[in-house]
Amino acid sequence: MSQAIYLTGITTTGTPHIGNYVGAIRPGIAASRDPSKQNFYFLADYHSLAKNEDPDRIRESTLEIAASWLALGLDTDNAVFYRQSDIPEIPELTWILHGMTAKGLMNRAHSYKASVQANVDSGSRDPDRGVTMAQYSYPILMAADILMFKATRVPVGKDQKQHVEMARDVAQRFNHHYGEILVLPEAVIDDSTAVLAGLDGRKMSKSYNNTIPLFAPEKRLRKLIMKIKTNSLEPGEPKDPDDSTLFEMYRAFASAEETAAIREAYADGIAWGEMKQTLFEYINTHIAPAREAYESLIANPERVEAELKRGAERARALAAPYLADIREAIGIRPLG
Ligand code: TRP
């Protein structure tokens, strides 16, 4: 079999938070540095339109996400790092794939079904109320992202697994009709990556408004960590580390030895205030060098733009000839 090709897409909504860092950014960056792996990373800015973000937020989020990955050391010589909207071949392939996508397949998408269910539950007469075509055919754009670069392995969270399977279904149908042209992808789900809780103890997520931005300035980082929910146990009383957001966060950053030491401190009744201060100092020290690089990139967005343009050139050098083959296969050809 030929070499595995990995592809990771990041929707440009929101500001990266420490949950994103631990769950996706950190493992993604480690993979980008592995010379034995062929990796594509891109900012899915057309996907963000499906969420009706406001234009300024899309631009800001694109810059923040790109600057975060770069500041943390994404290896952009080894991996290809680009912005979806810089690759016109992707929306072109999206339309081509529409012809090979059953409407019924899209009807079965979890996120679409959830919107319909919410309408039904609220007693609306139109089950499709508020659903745009961008939301509806979101999985086809995602299939094009994946198939455009012949990706075989797509690391995603559980919520995106179905989309990768749909890309596979569409590619299969395409190949059945036009010949073996598209490469079938597979989702890679890593259950070992940590899912962090947020300030209120629920899963850290933009939609719960309980996040800690990865590159919050030092003072704000401290303030947010001080807000993390704890129980009312007093200093000196033994505490359960396995039921503690503070401990879970500490463990996500610290070594096994350091974590074991904190586990003991819990048994010895460390005060919540002291634990918060310890956690703040640990994360702050860990993040500080990258935060400086991040702030410098945010202040000089043209440097980020240049990186993305370079990545787009590399990506298009692969996408353009492949799309030409695909057009040929489907009969979109010169007449003479
Ligand atoms: N839909 C993905 C998400 O919300 C982002 C994404 C867009 C993606 N295109 C992709 C992920 C292609 C993997 C492959 O997380």
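Side-chain atoms are counted along with the backbone in the values below, which use heavy atoms only and exclude waters and symmetry mates.
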If you group Ile, Leu, Val, Met, Phe, Trp and Tyr by side-chain heavy-atom gaps below 4.5 Å, do [X] and [Y] land in one group?
X: L7; Y: V188; result: no
X: L147; Y: F149; result: yes
X: L74; Y: V154; result: no
X: L199; Y: M275; result: yes

Looking at [Y], is its backbone amide N or carbonyl O close enough to the side chain of [X] to form a donor-acceptor pair, meaning the two atoms are under 3.5 Å apart?
X: Q160; Y: G157; value: no
X: K158; Y: I189; value: no
X: T259; Y: S255; value: yes
X: T11; Y: S48; value: no

Donor-acceptor side-chain pairing of [X] and [Y] below 3.5 angstrom:
X: T13; Y: S61; answer: no
X: S207; Y: S205; answer: yes
X: D45; Y: S85; answer: yes
X: T62; Y: R83; answer: no
X: S36; Y: D34; answer: yes
X: Q277; Y: R222; answer: yes

Taking atom [atom1] of [X] and atom [atom2] of [Y], what is their separation to the nearest 0.5 Å?
X: Q84; Y: Y46; atom1: CD; atom2: OH; value: 8.0 Å
X: E186; Y: L184; atom1: CD; atom2: CG; value: 9.5 Å
X: K103; Y: M106; atom1: NZ; atom2: CE; value: 11.0 Å

Could you check if a side-chain atom of [X] sits within less than 4.5 angstrom of a side-chain atom of [Y], using non-hydrogen atoms only?
X: P16; Y: Y21; value: no
X: H110; Y: P139; value: no
X: I332; Y: I96; value: no
X: L214; Y: N20; value: no
X: I146; Y: F40; value: no
X: F42; Y: I10; value: no
X: L323; Y: E92; value: yes
X: V164; Y: M142; value: yes

Open item on the list: Counting neighbours of CZ on R59 that are heavy atoms of other residues, nucleotides or ligands and sit closer than 6.0 Å, is the number greater than 12?
Closed with: no
- [ ] State whether the number of non-hydrogen atoms from other residues, nucleotides or ligands found under 6.0 Å of N209 atom CG is greater than 12.
- [x] no
TODO: Would you list the pairs meeting ring-ring contact (aromatic ring centres under 6.0 Å, His included) in which at least one residue belongs to residues 299-321, sequence neighbours left out?
DONE: none
Task: Any pair counted as ring-ring contact (aromatic ring centres under 6.0 Å, His included), so long as it reaches residues 118-145, sequence neighbours left out - done: H47-Y138, Y112-Y136, Y138-H163
For [X] and [Y], I'd like to know if the aromatic rings sit close, meaning centre-to-centre distance below 6.0 Å.
X: F253; Y: Y282; value: no
X: W272; Y: Y266; value: yes
X: F81; Y: Y41; value: no

Open item on the list: Taking the cut-offs as 6.0 angstrom to the six-membered ring centre and 45 degrees off its axis, would you call K150 and Y322 a cation-pi pair?
Closed with: yes
Open item on the list: Taking the cut-offs as 6.0 angstrom to the six-membered ring centre and 45 degrees off its axis, would you call R291 and F215 a cation-pi pair?
Closed with: no
Does the distance from a Lys or Arg side-chain N to an Asp or Glu carboxylate O, for [X] and [Y], drop under 4.0 Å?
X: E60; Y: R57; value: yes
X: R316; Y: D86; value: no
X: E305; Y: K309; value: yes
X: E307; Y: R310; value: yes

